[in-house]
Structure formats: C-alpha cells, structure tokens
Asks: 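Below are the structure tokens for one structure; questions will follow.
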Amino acid sequence: MTNGTKWGWSRWAMALAMAAVGGLLAACGGGGSDGGGHDEAAAVPAGTLRVHYQRAAGDYDGWGVYAWRGPTTPSSGWPGSPRFVFTASDGFGRYVDIPVDPSLGRMDFLLNRPTSASEAEKDQDCDRVATFAADIATRGQEIWLKQGDCATYDSAQAASGVNINHARAMWLSASRLVWPDLPAGGELRLYHAAQGGITVGAAGVQGADGFHTLSPTTLEAALRERFRHLASAPAFAVPVAAQAEVRSLLKGQLVVARLFQGQVTHATQLQIQGVLDDVYAAQARPQTLGVSFDGQGRPVFRLWAPTARSVELAVDGQPLRPMTEDPNSGVWSYTGETSWVNDAYYTYRVQVYSRQDGGVVTNTVTDPYALTLNANSEKAMVARLSDAMFKPTGWDGHAIPPLQAPSDSVIYELHVRDFSANDATVPAAHRGKYTAFAQANTDGVRHLQALAAAGLTHVHLLPTYDLATIPETGCVTPTITAAGPTSDVPQATVAATKDEDCFNWGYDPRHYGAPEGSYASDAADGAVRVREFRQMVQALHGMGLRVVLDVVYNHTSGSFLDRIVPGYYYRLNGDGFIERSTCCENTAPEYAMMEKLMIDTLKTWAVEYKVDGFRFDIMGHIPLAAMQAARTEVDAAAGRPLLYYGEAWNFGEVADDRQFVQARQANLRGTGIGSFSDRIRDAIRGGGPFDAGDDVLRRQGFANGRCYDNNALNGSTCTSDQRSELHYQQNLIRLGLAGSVHDFVLNGRLASSYDYGGQSAGYTADPYEVINYAGVHDGETLFDINQFKLPSTATASERARAQVVALGTVLMGQGIPFLHAGDELLRSKSLDRDSYNAGDWFNRIDWSATTNFFGTMGLPSAEKNRVEWDRMRPILSNANIPPSAADIRATRDAVLDLLRVRRDTTMLRLRSGADVRECVSFPDAADQRDGLIVMRIVGRKSDGSPCGDGRYANLVVLINAAPVDQTYSVAALAGRSLSLHPVLANGSDARVRGASFASGSGVFTVPGRSVAVFVEPAGP
C-alpha cells in the first residue's frame, strides 16, 4: 500500500521475479566498476543530459529515471512512460542519455524500479533536481547519482567522496559491530557526539566528542543466526570502555570511520536495532507500556524510549510533567492523577537525536499503546476500558459463539463501511458505522443472519484499528450520477475527493490498539468508538458469528514510530533507509519491542474486545517465531484458542528466510497458523494476479472456460496445450480440496511434489492450515475476473452459474473456506483491480439481491486501471453480462445450500492431515475430464474408525464447470445406494436437482455448471 494503496496480488509475483533477476545480476557483477575495462563512454550528444548512477551491489535491472519536467518527452503515469532506464555501463556504474528541452532550465526527476504494472519502488523518497548548464544545448551535460543519496553531483570524483548520509554499519550487540563490504585493513574508529554535529571531509572526522578504536573479530554463532544476512560481513569488537558507555553513546550521534594511512577512506552512521535489543529488551519486554493503573486508581504512563534525552508528559490543561527513565529498561514513566481517568487526553514530548533529522529534535508524539483517541488521532485518552462508560449493555456477560474445531470455520471478509453505507434500510445516522451491525431487520443484518444460519462462522473485518487515511471528522461523500457503462466521469468525481472522502480499505496503520474513529458516531469522544466497536462485536456474536480482525503489523503509514525511537521500529536496507517492499514503511517485528507492540495490542483486541481471531497482512514479513509467540501469549490472555491466518507470501528483502525464518507458506506446516492458498485461487480463476494486457482475457481458469468453453482469444477448439493446462489446474484444485496436505497422495505422487511456480503445491500438515478462496478484497472481484475470461456470448444466467461453481469449489473442500463479501451476490466493482480508495461508488453491495451495479458504474479508477480501459469498454458494454435479480438470488440461494451441506457433516471438515490421507480420494484423477472434478470421502478408515462424524458411508462431490451435462463412472461405487444430498434434493437449484446416480453402473450424471453432492447412508 502507498498512501493507503494496497498493491493487490500482483505485488507478490512481480516482487519475487524482480528479486530473482536482481539477485542474478548482482551475482554476475552487473554494473559498477568491474575491472573489465569498459570502453570509454561516447561523447554526450548536444541537448542531452547524461545521468550516471551507482548502486552498491550492482543490481541495476529495472532502475531508471522518471522525469516529469526537463526531457523533451517527460514521464507520465506510474511507474512511468517513458522511463529512461540505465543500460549503458562505465567505470562509475550505469548511465542513460536523456534528450532535454534546455529552455526549461532544469530536470525534475526521481529514480524508480517497477514492481508491478502499476507500482514501483523508489531510490529514497526524494525528488531530485538537475539544473541545466548554460551550454547544454550545444555540448550536453553529465550528472552523477548514488544509491540512497538524494544529492546530485557534477563529477564522478565528487560523487565518490566520503559522506555520512547513510548508515551502512550495524551495531548488533554491545560487543559486536559489522560493516558489510568494507575493505580489509586500516583502522576502524567509533566516533560519538552527544549533541550530534559530526562531519567527515578532507580534514577527516570533525565535531566528535571522542572515539573508540574497534578491532577485527568474528561473530558468535548466536549473532550469525539472528542476523543471518550479515553472518559473513566484516565484524569488529567494541572495546570494554565503549561497552560501559553504551547507554549514553546510544543517545547521541554515532559514526564509524575507516582510516588507511592516516586518511579517512570510508565513513558511515550506524544502525542500532540489534544493540538496543541487546542492552534493553530483557528488562523492557516485561513492562506494561501505555497507560495502566496502580492500586489507588492512578494512571501510570510508560513509554519505551531508550535513546531519548528527556521525555515529558503533556496532559490537556496541565503543565508539562517530566518523566523518569529506568536506565535498565529504557522505559520512561510518570504516575498521574485519578481525576485524569476517562477524561483527559495526552501526548508525549520526546527529545532525541535523530539520524534522519541530522540532530537533536523534540517531537510531540502520541502513545503507540493508545487505547483510544480523540478525532484524527491527535491525542490519546487516559482510558480505563473496564469502566461502564466504555461498555454497551450486556457486554460483560454476552455469549461468544462456540467453535468445536478450527476446521469448522467458514470466513466472510467484510469492510465496515461497505456493510451499511449503501443500505437504505439502515437509519442514516448508522450508515457506514460500527452501530449498523446492531440495527435490527436491515437488509445487511438479515443477510448475515441467513449466512450464519446456513453455516457461516466468522466475519473477517477489514482493518478497524486507528488508521491514517480517512478524515475522522468532516469526511465527504461525493455526489455521483451514473453516466453510462463506459463513462469516465464517475471515477473522475471519486478521484477528486478520494483522500477527503469517508472510504479507504485501511491498510495504513496509525495506532494498532485503538479503534478507528471514522466508523464511530462521535470521533472526538474516545469512549464512543470503544463502546460502539464492542456493540458491533456483541451484535455479530449475537448472530452466531465470530469476529476476525484484519491486522497490519508489517508496515505503517509513515514512519511515525521513528519519532520516538529513531532507527528502531522499521526494517532498514543496507544504506540505513527504511525498506518499502510491502508498499509503505516496513516495520521490523524481528526486533523485540516491535514484536512486543504487536503481541500486546493483539492481546488488547482479544481481551478487551473479545474478538475471535486475526488475519495478518503480508504475514511472510513477520518472523515465524514472533507469530508463534503471539499465538501462545494471546490465547493465554484470552483464555481460549483463537484463529490465526494470513498472507504468507515469500518476497522482498526477507525472501527465502534471508534475514530470519519467515511466517511463510513453506514454514507454517504444523504450526496451526493458516495461510491463503494462491494455488487453488489461480486454478479456479485462471492466470495470475500479475496478468496484464490480453493475458487477463486469454488465461482462462477451471471456473470460467479453459478448454471446455474457450473465449475468442483462445479459439473454438481446445488445443493439447490448453487441455494440459486445464488438467494441471484441476490437479491443483484437487490438492486444494484435500486441504493442501503435503503428504496427501494424488496419482501416486505426494502433494508436495506437485509444482506451483517453483513451490510445493501441497504444504500443510493439517487442512485447517490452509485458507481456500476464489475472491478477496485484493484484485478484481470473482464476478469481474470471470467477465474478462468467459466467452462474450455467455448468457447472464450461465455467468451466474460459473460463480456458483467457483464458490462451490471453495466450500466443498477440506481446509477453511473464505468468501469475499458479496461474491454470493455476484458483486462487481466495475472491473476495478484495486478499489482501495475508489469510494463507496465502486465498493457498493446490494444486500437486497436486486442488482450488482455492473454496467452502471462507469470505467473504474484511472489510477489503477487506465491502461486496461480499452479492454474494459466492450466488456462493460456487453448486454449479456448484467445479471437479473433472479440470477443474483439464485446464486445466493445456491451458496446458502452449499453452506448447509458443509455444515451437515464433518466429513467435509476433517480435523487432521491423517484424516485427509485416509478418507479423501479423487476417482477421476487418472482419467481427467475437461471441467470436471470428482472427490470421494469415505465414512470409515481402514481400521474401522470414522472419517469425521462418519455420517455417511460415502460422500461424493462432483464439480462440473462445463456448460453441458457430464457423466462419470466410479466402478467402486457400483451397486451402492447413493442419492443427491437432501439439502440439494430439496434445495433452491432446479438444475442441480437433475443430478443422478445409476447404482448398477456406478455412473454419476451432473448438469452443466453445477456442484452436486451425493451421499450413501452409513450402515448400522
């Protein structure tokens, strides 16, 4: 997410690919001075600016200049067209020649590298400027740039000089420091200055209070494991005298310099996360941070700020109160007055040396442990959440719906505002608010109640913590008038107020432990948001639904935590700048106090708000050990087991466990922590999330026509390659239906031996460790992606049936099914691939099941979709696509029936991988039919014990994605008495009621685009 932008699925695959390419180039010595004697660069052409660029690791692939002023053809759009890519090499690094318009006087630019079709990372968040020389029109001009350095140099010599804008050395423990890529030899000195002001120039190091000489050494095994990406870096021992002063040294500026023959050849500032943990973490972690209450009811304020020189408490209407530091823990504290409780609001004033600011600064900050705040997160409230003013009636004794096992879970992903903003049956004051969930007899509440009655168990709420994006007071809702299916006017109206309106997905954390204020009826009163959030949870529990919160501990919106402990809470790159591979400022939960902030705020939600689980955004950027600790500690605090799952993608600077063992798919087996399965998602939908251009249409999937119902781009006849791809997709789905259990056997092969993009298709120990889904808030909705891929001539009713096939595939599998809110109502976002900031207009849901708004919203946002508008226009204008109310209701009712079938027996909700291996098989796996999957679950294992509840002797699921009837013979079932499941036989779908089983031959017949379940009564 950037400024609240969530990239969507495309970030993972693109980031993985770019990381792999970059790694290959670095390994091959791409770029930089390679000693190979590059030819002298050609003379700079007249009217041209030659831009030289140097990257420390030689990883130049994809990097280029984005210049919006200066070139004869400036860059536009994002990541930019044109982009001026560094391809030519010289002894300094890479360069590119850019024709410019001298009359403009300068070039305004930045350096970026695309990470997807619509996103890019930048080399620092700075806009660079190159002032044109007077004779550039006749002689050309050159400038030199360095990675991580925002300066523009006029010569290679100037650019190569020593500067301390970076932090390339890492102080890992009180006794050890490393400096990657530092040449051997010379003398290393650790300079320090309490007030800052150290400079390095021709005269050497100036402005330091003193220095300590470091000596070469090796890292202990424990440090090599903890900092595995630094294990081979040159290491240095910190002298005992410096170790004795470590606490005071860390409060000022630190610079390490290499001297060779009396001259400073290298100098850098330091990254200090490791040494802060080494010195303070053991004493700080047990502390209760934020506001707690002593035996007399007085509020006790505690803030971890070990590098601060002073901290003051600022309470409204009170003089500043100096806080006292515990030197062992780095925690500052102050005991306040009982009159402040549940009434006063406060901030902290932290005086601290900041490497980023270049000196000692005084920052006014809010408490990262804030429990609730006033409007727009300006101040935290001194709140005791156990008091009655924070509780709705009946809160303490209300019942939490029981859950026998995690495998029983069925999850429904829902945005708080989406739930009611468009629901006219909700009183106006409650629309878009927490309280909408507590209103009786609204369309939305009735729909949730129907889902719960059918078998839904959890509502997963998109982020509801205090977020940075939405104005909590005065947000606007633009007035939009429908202007035709391909009009660009509605999206332009949305775009004009997108950062002032009341909508955003919320993947931009500000305070992890406080509810968001824009969903409260009064954001200015900190008690209201707490009370109304609890009212929402209580109402959902009353419907029989447990509550999962979407949490984002992998990044924040801005680096505000650096204002408290500069350089600690965020993951830094080799130059000391914050990594942004997750879209925004990456946090670093591999360090103790960021992990503590995560675990402590999770406890707040579990204990104070009685929520039932957590979905972790970009969980693969969190250490596995931190996730396991969170699960253990939060469950203990809550006194019950909660549900934990997340996006366990493997990408970015931490990929392949480079920095720590990640909470990624390959590492989660046996932990009980779930992960989303991209395997079954891509097989159902077709293609992948990073598809662009014609591939979005061409790469059909199991549910939308691959081979059995080709669209125009794929030809009228199924080719052998298309059939091979479809059968591969069907095998991925079979493995997903088997819970992605790693040692499940399909066609004589272990699931772990099936390939999915270089990863194992099967990777879980138990089925509840996988989250199976076909649609989610990221990317196009399931309905929208199907419209890209289905033949243009398909009727609206057949398109609706394709939706049922996709959702039924998810609902009938082992593992935990996950539904995107409204998918059962054919929800459309007008083909938008990223509606994070697209307002209420494109994110509407009609709970009355009358319309899905397709063809009435206009073109989706230009920001994320303009490049595809030409492909979208004929789809949005296709009269075959908009569903009727009957189509929407038929889809909804079919999904409700399938939920009832799942609820009926735990044979569809097996508890363990061993159960799956013993009980599940696919009779058609060795004899595949296009668009058909047959799954059999037996009622008894080989030892006679039941499979699940053993409710049936046999249960057979047949998923027919093809538009025509299909038959399949299962010889082992010939002579058995199977019939259509009673729920389906008496259900809403007349077509599926036509499914049949011929006992004499063992032949099943399944109507087109249907999910049929047959059962055989269990014997005595």
Side-chain angles (χ1 to χ4, degrees), residues 164 166-167 169-177 189-200 205-212 214 238-257 267-285 287 289 301-313 320-334 348-365 368 559-570 572 576 588 591-594:
I164 55 171
H166 308 81
M170 297 82 175
W171 197 349
L172 305 184
S173 70
S175 63
R176 292 293 183 270
L177 180 151
R189 294 178 178 178
L190 172 61
Y191 290 89
H192 55 90
Q195 300 295 328
I198 297 176
T199 61
V200 181
V205 179
Q206 303 290 315
D209 297 338
F211 68 84
H212 295 280
L214 310 179
V238 179
V240 173
Q243 294 179 48
E245 302 172 8
V246 63
R247 288 177 170 80
S248 61
L249 292 177
L250 288 167
K251 292 181 182 290
Q253 184 183 15
L254 298 169
V255 171
V256 181
T268 186
Q269 296 194 70
L270 271 72
Q271 299 181 29
I272 59 174
Q273 293 150 308
V275 66
L276 286 173
D277 273 3
D278 185 47
V279 173
Y280 293 106
Q283 294 76 32
R285 289 193 68 160
Q287 300 271 351
L289 300 180
F301 301 81
R302 294 187 183 89
L303 178 73
W304 187 68
T307 63
R309 306 159 71 84
S310 68
V311 180
E312 295 173 303
L313 174 67
L320 292 173
R321 309 296 176 99
M323 300 178 72
T324 302
E325 183 186 18
D326 169 18
N328 292 318
S329 66
V331 173
W332 298 75
S333 63
Y334 183 83
Y348 298 117
R349 286 169 53 90
V350 180
Q351 186 186 76
V352 64
Y353 175 80
S354 168
R355 173 168 61 85
Q356 294 86 342
D357 293 314
V360 176
V361 295
T362 299
N363 294 321
T364 298
V365 301
S559 54
F560 57 88
L561 292 171
D562 259 350
R563 294 167 56 79
I564 303 170
V565 190
Y568 179 79
Y569 282 102
Y570 297 93
L572 306 178
Y591 295 107
M593 300 306 285
M594 182 61 215

Asks: Only one of V256, L270, L276 passes side chain to side chain contact (heavy atoms under 4.5 Å, CB included) with W171; say which it is.
Replies: L270
Asks: Can you find a pair of side-chain heavy atoms, one from M593 and one from L289, that are under 4.5 Å apart?
Replies: yes
Asks: Main chain of A305, side chain of Y280: is a donor-acceptor contact present, judged purely on distance under 3.5 Å?
Replies: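 Side chain of Y280 to backbone of A305, a donor-acceptor pair under 3.5 Å: no, none is there.
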Asks: State, with a plain yes or no, whether a side-chain heavy atom of V352 is found less than 4.5 Å away from one of V361.
Replies: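 SC-SC contact between V352 and V361 confirmed.
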Asks: Can you measure from OH (Y334) to OG1 (T324) and round to the nearest 0.5 angstrom?
Replies: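 Atom-to-atom, Y334:OH and T324:OG1 are 9.0 Å apart.
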Asks: Do V350 and V565 make a side-chain contact, defined as non-hydrogen atoms from C-beta onward lying under 4.5 Å apart?
Replies: no
Asks: Do L303 and V331 have side-chain heavy atoms sitting under 4.5 Å apart?
Replies: no
Asks: So, K251 side chain and A308 main chain: donor-acceptor pair closer than 3.5 Å or not?
Replies: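 At least one qualifying donor-acceptor pair exists.
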Asks: For the pair R247 and E325, find out whether any cationic side-chain nitrogen is under 4.0 Å from an anionic carboxylate oxygen.
Replies: no
Asks: Y348 and M323: side-chain contact (heavy atoms from CB on, under 4.5 Å), yes or no, with the steps?
Replies: CA-CA 10 Å; Y348 298 117; M323 300 178 72; 3.6 Å; yes
Asks: Relative to each other, are the rings of Y591 and Y568 parallel, tilted or perpendicular (30° and 60° limits)?
Replies: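 It falls in the tilted class, 30° to 60°.
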Asks: Working to the nearest 0.5 Å, report the span between CZ of R355 and CD1 of I272.
Replies: 8.5 Å
Asks: Would you check if the side chain of T362 reaches a backbone N or O of Q351 as a donor-acceptor pair within less than 3.5 Å?
Replies: no
Asks: Would a distance-only check, ignoring hydrogens and angles, find a side-chain to backbone donor-acceptor pair under 3.5 Å from D357 to G359?
Replies: no
Asks: Strictly distance-based, threshold 3.5 Å: is any side-chain N or O of R309 a donor or acceptor partner for the main-chain N or O of A194?
Replies: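 A pair under 3.5 Å: yes.
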Asks: Could you go step by step and tell me if R349 and L320 meet the side-chain contact (heavy atoms from CB on, under 4.5 Å) rule?
Replies: CA-CA 9 Å; R349 286 169 53 90; L320 292 173; 3.6 Å; yes
Asks: Can you list the steps and then say if F560 with V365 is a side-chain contact (heavy atoms from CB on, under 4.5 Å)?
Replies: CA-CA 8 Å; F560 57 88; V365 301; over 6 Å; no
Asks: Check L572 against Q273 and note the closest heavy-atom contact, atom names and distance.
Replies: CD1-OE1, 4.0 Å
Asks: What closest approach, in Å, do R302 and S333 show between heavy atoms, and which atom pair accounts for it?
Replies: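 The pair with the smallest heavy-atom distance is CG-CB, 3.9 Å.
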Asks: What are the two closest heavy atoms between V205 and A257, and how far apart are they?
Replies: CG2-CB, 4.0 Å
Asks: Restricting to non-hydrogen atoms, name the atom on A242 and the atom on L249 that form the minimum distance, rounded to 0.1 Å.
Replies: O-CD1, 3.7 Å
Asks: Is any side-chain heavy atom of L254 less than 4.5 Å from a side-chain heavy atom of Q269?
Replies: no
Asks: I'd like to know if the side chain of Q253 and the backbone of I198 have a donor-acceptor N/O pair within less than 3.5 Å.
Replies: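 Present.
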Asks: Please step through side chain to side chain donor-acceptor pair (under 3.5 Å) for the pair E245 and H192, ending with a clear verdict.
Replies: CA-CA 11 Å; E245 302 172 8; H192 55 90; 4.7 Å; no
Asks: State which residue, out of D278, D277, V275, V246, fulfils the side chain to side chain contact (heavy atoms under 4.5 Å, CB included) condition with S173.
Replies: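 When side chain to side chain contact (heavy atoms under 4.5 Å, CB included) is applied between S173 and each of D278, D277, V275, V246, only D278 qualifies.
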Asks: Once you measure the plane-to-plane angle for F211 and Y191, does it fall in the parallel (<30°), tilted (30-60°) or perpendicular (>60°) bin?
Replies: tilted
Asks: So do the side chains of N363 and S354 get within less than 4.5 Å of each other, counting heavy atoms only?
Replies: no
Asks: When you look at W304 and W332, which way does the side-chain contact (heavy atoms from CB on, under 4.5 Å) test go after all the steps?
Replies: CA-CA 6 Å; W304 187 68; W332 298 75; over 6 Å; no
Asks: Taking the side chain as every heavy atom from C-beta outward, state whether Q356 and D562 have any pair of such atoms under 4.5 Å apart.
Replies: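 In short, these two side chains touch, coming nearer than 4.5 Å.
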Asks: What's the separation between atom OG in S329 and atom CD in Q287, rounded to the nearest 0.5 Å?
Replies: 4.5 Å
Asks: Minimum heavy-atom separation for G207 and A193, please, with both atom names.
Replies: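 In this case the closest contact between G207 and A193 is O-CB, 3.7 Å.
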Asks: Would a distance-only check, ignoring hydrogens and angles, find a side-chain to backbone donor-acceptor pair under 3.5 Å from Q243 to V238?
Replies: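 Pair found, side chain donor or acceptor close to backbone of V238.
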Asks: Determine whether T307 and P566 make a side-chain contact, defined as any pair of heavy atoms from C-beta on separated by less than 4.5 Å.
Replies: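 A side-chain contact exists here, since the closest heavy-atom pair is under 4.5 Å.
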